There are 2 protein chains.
Amino acid sequence: MNQKKATIHDIASELGVTASTVSRALSGNPRISQNTRRAVLKTAKALNYEPNQIASALRSGKTQLIGMLVPIINRSFFSSIIRGVEDVANKLDYRVIVSQSDEKQENEAATLKAFLNARVDGVIASIGKQTRDFDHYQEILDSGLPLVLFDRTTSDLQTGQVVIDDYEGAYKATVHLIEQGCRRIAHFTARRKIDIYKKRCLGYLDALRDHNIPIDKKLIFAGDLQLSDGRRHTAELINKQLPFDAVFAASDYAVMGAMQVLKEKKISIPDQVALVGFLNEPFTSFTDPPLSTINQFPMEMGKAAARIFFDSLESERGISEQKIVIEPELIVRASSEKRKTNS
Amino acid sequence: MNQKKATIHDIASELGVTASTVSRALSGNPRISQNTRRAVLKTAKALNYEPNQIASALRSGKTQLIGMLVPIINRSFFSSIIRGVEDVANKLDYRVIVSQSDEKQENEAATLKAFLNARVDGVIASIGKQTRDFDHYQEILDSGLPLVLFDRTTSDLQTGQVVIDDYEGAYKATVHLIEQGCRRIAHFTARRKIDIYKKRCLGYLDALRDHNIPIDKKLIFAGDLQLSDGRRHTAELINKQLPFDAVFAASDYAVMGAMQVLKEKKISIPDQVALVGFLNEPFTSFTDPPLSTINQFPMEMGKAAARIFFDSLESERGISEQKIVIEPELIVRASSEKRKTNS
DNA sequence: TTACCTTGTGCAATCGATTGCACAAGGTAG
DNA sequence: CTACCTTGTGCAATCGATTGCACAAGGTAA
């Protein structure tokens, strides 16, 4: 059953030439005559020859492998990015090794070390929430390998990046709510000071400012942006009798929590309170009413990351520090669209 | 910046021994003296030595890589399975190469060939919907590599499998609806004759039979189980004035379509029509009302697949043909739970 | 005819880890 | 003292593809 794979030596001895000749014939070296080349190709096909990439990798130092590190694999956002990277990589005959950090720095470090040992040709990664220093990432760069960060990035590393314009996304979302006539817009953000959430908060604040709407700090809630956080914040708004006519949350889960509590309290959406989330999680189109949200184009992010990666590989002059910023899109659904627009 | 990696030769020359001795010391060969071993380990640490897995792979024929082939990466079900496999594999110091087939046989074949060239130690895969023969999978087995199929499997290949008990899941779902007092239960199934859907249909039919409920073929609809199919089937039920008091669909998407149409027609859920889906897609808990569905435990499926895989690797006697059947769980949510149970 | 170039192929080292066999030093039994 | 065993290392081949250099055969120009 275990039919041995043919090697270039098998082809060589079949034809009475040496392995060098076969190797050159297969790689298109011009010093090989047409006759020999034809014979080699024919024999290769006959013997069902497939190159041993391991041997090739050992010699050339190139494994055709990309190490991909994400916080959580089974989140729509991340798996879509994997898909995007995959699409580009496979076309160029690269394979993608996937691993997850569970947001933990120690897992990241272990995975990156494993990637180095597996001699990947480079790494595409998103930084875990609990990561506090970047030495383990720096090691990748020190090894001379391309590193591309996406979504959760850092300016501490001089390397390629793909992010969305979080500020712009939040700004668009908030302006949209303002245009729907909302004036008391609550915002749910993250407790931890992570870049993307800070930017979303800034976008929210600037949008209010630009429209001369007073900022009420009591309407800003910091939590973990999970469903339960959204529920808690919303309950607090209601219990404290803080007037509000919209919620813009930095995550779809948090805004979903708001929707649940509002419905329980028979507060109508969007008429009394309009809702906009962030992420475009698949569930947002299935809620009642469907949730307005911000699309981050994760597949495109993945493709962009892969493109920077391959640019880095090809360029002789070190690692690309290219930064691609993807424009987010506001998806307006019923949760924020009032029947009569009064803008 | 590109600090060369230390090799066993570097350690050897540092200590005035040969690479063989270093190799043996590192692998725990008993012929090496304690002194030498200690010195080697110390020098290895000092030089920051990490073994080159490519070289090792070339010599040993083992790459510590698992090729994983799924129809679509960014579907919760599949990404959760990847996560399960990943968890088990990483602990055993294996890495997972992920690739998607987009349900197409030609992509499957190309990916499997790429896996073989990358010299993966085996393959874990789910068969694409459009795949009609299995020669490309057979090649994996012919190469003597372990192959484990999950969810979408076939009896044409003698190899390990992990599936859920689709029949049982459908049976449970249908019985649950019967217990809620439903008697006219519609079923949405797949047009294509795929095993898992046939079994779900059988479970539905047997549950009805076992409860002496007449089977009405007009209540069974075959489509593609997408949202739009669910909408179409439901509209047809209503337009043709076929009485029905429940829908059990073989996919959450299809049942979601039913929910939308029912709500548009002001038909109350679950009182007039109860709903149960299949898959436990993340969105099902966020709909209004939340959807009852069948949990397939995808992470556990992934872990089980990995376990069979490693069993196969370890056993000297050929590929494991173990088959693990996972018991699905009925998740009862508001879409099917009537206020007063009349069972 | 000589010096030199072109074309096509072979030789052998290389990538780094692994391993069967050889062998030296020292110990033990008879 | 001899035969043999044990312990610890070294030597060299191996995995398969790649590549710098050598070199033979034939051609060309002077």
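A quick note: this is a predicted structure, and the numbers were derived from the prediction, not measured. To find a chain, count down the sequence lines: A is the first, B the second, and so on, and within it residues start at 1.
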Peer 1: Nearest 0.5 Å, what's the OG-CG distance between Ser76(A) and Asn74(B)?
Peer 2: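 Answer rounded to 0.5 Å: 6.5 Å.
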
Peer 1: Has Gln130(A) got a side-chain atom pairing as donor or acceptor with Lys104(A)'s backbone, closer than 3.5 angstrom?
Peer 2: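 Such a contact is absent between Gln130(A) side chain and Lys104(A) backbone.
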
Peer 1: Is any side-chain nitrogen or oxygen of Thr18(A) closer than 4.0 Å to OP1 or OP2 of dC11(C)?
Peer 2: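 False: Thr18(A) side-chain N/O out of range (4.0 Å or more) of dC11(C) OP1/OP2.
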
Peer 1: Mind checking who dT2(C) pairs with, Watson-Crick or G-U wobble, both distances under 3.5 Å?
Peer 2: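 Because both required distances fall under 3.5 Å, dT2(C) counts as paired with dA29(D).
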
Peer 1: Would you classify Val22(A) as touching base, sugar-phosphate or nothing, given that sugar-phosphate means primed atoms plus P, OP1 and OP2, and contacts are heavy atoms under 4.0 Å?
Peer 2: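 It contacts nothing in the nucleic acid.
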
Peer 1: Quick check on dA17(D): is either OP1 or OP2 less than 4.0 Å from any side-chain nitrogen or oxygen of Ser27(A)?
Peer 2: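 So the side chain of Ser27(A) is outside the cut-off, no N or O lying under 4.0 Å from OP1 or OP2 of dA17(D).
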
Peer 1: OP1 or OP2 of dA17(D) less than 4.0 angstrom from a side-chain nitrogen or oxygen of Ser23(A), does that happen here?
Peer 2: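 No, no such contact exists.
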
Peer 1: CD1 of Ile54(A) versus C1' of dC15(C): gap in Å, rounded?
Peer 2: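 Taking atom C1' of dC15(C) as the reference, CD1 of Ile54(A) is at 13 Å.
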
Peer 1: Counting only heavy atoms not in Gln158(B), do more than 12 fall under 6.0 Å of its CD?
Peer 2: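 No - once you tally the heavy atoms of other residues, nucleotides and ligands closer than 6.0 Å, there are 12 at most.
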
Peer 1: Other residues, nucleotides and ligands only: do more than 12 of their heavy atoms fall within 6.0 Å of CD on Glu50(A)?
Peer 2: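 Count over threshold, so yes.
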
Peer 1: Counting only side-chain nitrogens and oxygens, does Thr21(A) get under 4.0 Å of the OP1 or OP2 atom of dG10(C)?
Peer 2: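 Result: yes.
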
Peer 1: For the pair made of CG in Leu26(A) and P in dT18(D), what is the distance, rounded to whole Å?
Peer 2: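 So the two atoms are 8 Å apart, to the nearest Å.
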
Peer 1: Please examine the side chains of Leu145(B) and Leu116(B), heavy atoms only from C-beta on, and report whether any two atoms are closer than 4.5 Å.
Peer 2: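 Yes, their side chains come closer than 4.5 Å.
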
Peer 1: dA17(D) P sits how many Å from Arg59(B) CZ, rounded?
Peer 2: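 That distance rounds to 16 Å.
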
Peer 1: Would you mind classifying the nucleic acid contact of Thr7(A) as base, sugar-phosphate or nothing, using non-hydrogen atoms under 4.0 angstrom?
Peer 2: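 Since only primed, P, OP1 and OP2 atoms lie under 4.0 Å of Thr7(A), the category is sugar-phosphate.
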
Peer 1: Name the residue closer to the 5' end of DNA chain D, choosing between Ser60(A) and Asn29(B) according to the nucleotide with the nearest heavy atom.
Peer 2: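 Nearest nucleotide further toward 5': that of Asn29(B).
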
Peer 1: With both distances kept under 3.5 Å, what pairs with dA22(D), Watson-Crick or G-U wobble?
Peer 2: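 Pairing partner, where one exists within any strand: dT9(C).
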
Peer 1: Distance alone, cut at 3.5 Å: any donor-acceptor contact between the side chains of Asp121(B) and Thr63(B)?
Peer 2: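 Result is yes, a qualifying pair exists.
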
Peer 1: Between the base of dG10(C) and the side chain of Arg24(A), is there a donor and acceptor pair under 3.5 angstrom?
Peer 2: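 Such a pair exists between side chain and base.
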
Peer 1: Given dG10(C), dA17(D), dA17(C), identify the nucleotide with an atom nearest to the side chain of Ser56(A).
Peer 2: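 Per side-chain heavy atoms of Ser56(A), the pick is dA17(D).
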
Peer 1: Output the single nucleotide from dA17(C), dC15(D), dT18(D) whose closest atom is nearest the side chain of Leu58(B).
Peer 2: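 The answer is dC15(D).
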
Peer 1: Grab the NE2-P distance between His9(B) and dC11(D) for me, whole Å please.
Peer 2: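 Result: 11 Å.
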
Peer 1: Measure from CG on Leu15(A) to C1' on dT9(C) and round the result to the nearest Å.
Peer 2: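 The answer, rounded to whole Å, is 13 Å.
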
Peer 1: How long is the line joining NZ of Lys5(B) and C1' of dA17(C), in whole Å?
Peer 2: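 Nearest whole value for this atom pair: 15 Å.
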
Peer 1: Atom CZ of Arg31(A) and atom C1' of dT18(D): how far apart are they, to the nearest Å?
Peer 2: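 Taking atom C1' of dT18(D) as the reference, CZ of Arg31(A) is at 16 Å.
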
Peer 1: May I have the distance from Gln53(A) (atom CD) to dA17(D) (atom C1'), rounded to whole angstrom?
Peer 2: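 Computing the Gln53(A):CD to dA17(D):C1' distance gives 12 Å.
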
Peer 1: Side-chain donor or acceptor of Ser20(A) under 3.5 Å from a matching atom on the base of dC11(C)?
Peer 2: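 Such a pair exists between side chain and base.
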
